[in-house]
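Shown next, in structure tokens, is the structure this report addresses.
This is a predicted model, so every value here is computed, not measured. The chains referred to below are lettered A, B, ... by the order of the sequence lines, with proteins before strands, and numbering in each begins at 1.
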2 protein chains.
Amino acid sequence: MSVRREAILEVLTSGPGHLSAQEIHRAAQERLPRIGIATVYRALKFLCACGKAAEFIPADGVARYEPAGSRAHHDHLICNSCGSFIEAVEPEIEKLQIRLAARHGFKPSSHKLEIYGICSRCSGK
Amino acid sequence: MSVRREAILEVLTSGPGHLSAQEIHRAAQERLPRIGIATVYRALKFLCACGKAAEFIPADGVARYEPAGSRAHHDHLICNSCGSFIEAVEPEIEKLQIRLAARHGFKPSSHKLEIYGICSRCSGK
DNA sequence: TGGCATATGATAACGATTATCATTATCCCA
DNA sequence: TGGGATAATGATAATCGTTATCATATGCCA
Ligand SMILES: [Mn+2]
Ligand SMILES: [Mn+2]
Ligand SMILES: [Zn+2]
Ligand SMILES: [Zn+2]
């Protein structure tokens, strides 16, 4: 773990989470002003490969990253209005997914459940 | 509906489904050799807007399209080995998703469930 | 037929990501 | 400790999917 990779992991764990590579780059530049965007992409790939970060790609096709390893799996509720990500998990859904896959002779290794809509803050309640 | 938009809709409904824009372009060129890629993108946007097609973006970030309107909602099992898309639906999951969202004060408008793994053909059974 | 809106194709532009390559930092052992 | 292998870095070019632009073509109705 080089000093930049440490810094990027620190951005992931201390920041608001669910950041894009560009956002991570901007945040990292506050500590390491000369860090390049290529280093950020390389570090993120490295951190994902060793299980310290996880990448996911929402409907706009831009990859986002969050810390992993110590954190449990979860799904995302994504607000179409403010863009915020709400983390949620429903164990029953997880179980049913496995059964659904099995019913089709499919061996699941990962899954992505994203629910798009309007968060409580944006719906003005 | 212009002749090209008809042709592209025909590609969507008659082909193997879950095609990317580039794949749709290639297929459409077999009937309309001079059709441009820009027309394909425009037609796909048009068809999605009027409910005749649906776009979804899997984990590689490349948009794929399928016919819509007459077809019911479904989720996808995506094979990491051969890239095939298996359509599946589990009504119980659909219900639980709505409850999960409600629990967070979230008003869902759409969702995407993709399960990645190995299909029965590729697992050699 | 003329006029105007829409559709089209070629191509430039764009944003995210990856590849390249020269330069630096880091590691490891004589 | 020194120096050479090795890995990491930053600048930048290249790539890929997608969108924007613009001139031309086509369709449609008065
Ligand atoms: Mn998350
Ligand atoms: Mn489908
Ligand atoms: Zn919101
Ligand atoms: Zn397969």
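- With sequence neighbours excluded, the residues satisfying side chain to side chain contact (heavy atoms under 4.5 Å, CB included) with B/Arg71 are B/Glu66, B/Pro67, B/His74, B/Glu87.
- Apart from A/Val3 itself, the hydrophobic cluster it occupies contains nothing, where clustering links Ile, Leu, Val, Met, Phe, Trp and Tyr at side-chain heavy-atom distances under 4.5 Å.
- The side chain to side chain contact (heavy atoms under 4.5 Å, CB included) test applied to B/Ala68 returns B/Ala54, not counting sequence neighbours.
- Residues from residues 25-51 of chain B placing a heavy atom under 4.0 Å of any atom in DNA chain D, listed by number, are B/Ala38, B/Tyr41, B/Arg42, B/Lys45.
- Applying the under-4.5 Å side-chain rule to Ile, Leu, Val, Met, Phe, Trp and Tyr, the cluster around A/Ile118 consists of that residue alone.
- Using a cut-off of 4.0 Å between Lys/Arg side-chain N and Asp/Glu carboxylate O, A/Arg26 and A/Glu23 are scored as not salt-bridged.
- Within the structure, ring pair (Phe, Tyr, Trp, His ring centres under 6.0 Å) contacts touching residues 29-48 of chain B (residues at least two apart or in different chains) do not occur.
- Within residues 1-18 of chain A, the residues approached by DNA chain D to less than 4.0 Å at the level of any non-hydrogen atom are A/Ser2, A/Arg4, A/Arg5, in residue-number order.
- Residue pairs satisfying the ring pair (Phe, Tyr, Trp, His ring centres under 6.0 Å) criterion with at least one member in residues 21-40 of chain A, sequence neighbours excluded, are absent.
- Extent of DNA chain C lying under 4.0 Å from chain A heavy atoms, first and last nucleotide in 5' to 3' order, is C/dA16 to C/dT20.
- Among pairs with a residue in residues 91-111 of chain B, those fulfilling ring pair (Phe, Tyr, Trp, His ring centres under 6.0 Å) read B/His73-B/His111, at least two apart in sequence or across chains.
- The list of side chain to side chain donor-acceptor pair (under 3.5 Å) pairs with a residue in residues 4-15 of chain B, not counting sequence neighbours, is empty.
- Grouped by direct or indirect side-chain proximity (heavy atoms under 4.5 Å, Ile/Leu/Val/Met/Phe/Trp/Tyr only), A/Phe85 sits with A/Phe56, A/Ile78, A/Tyr116.
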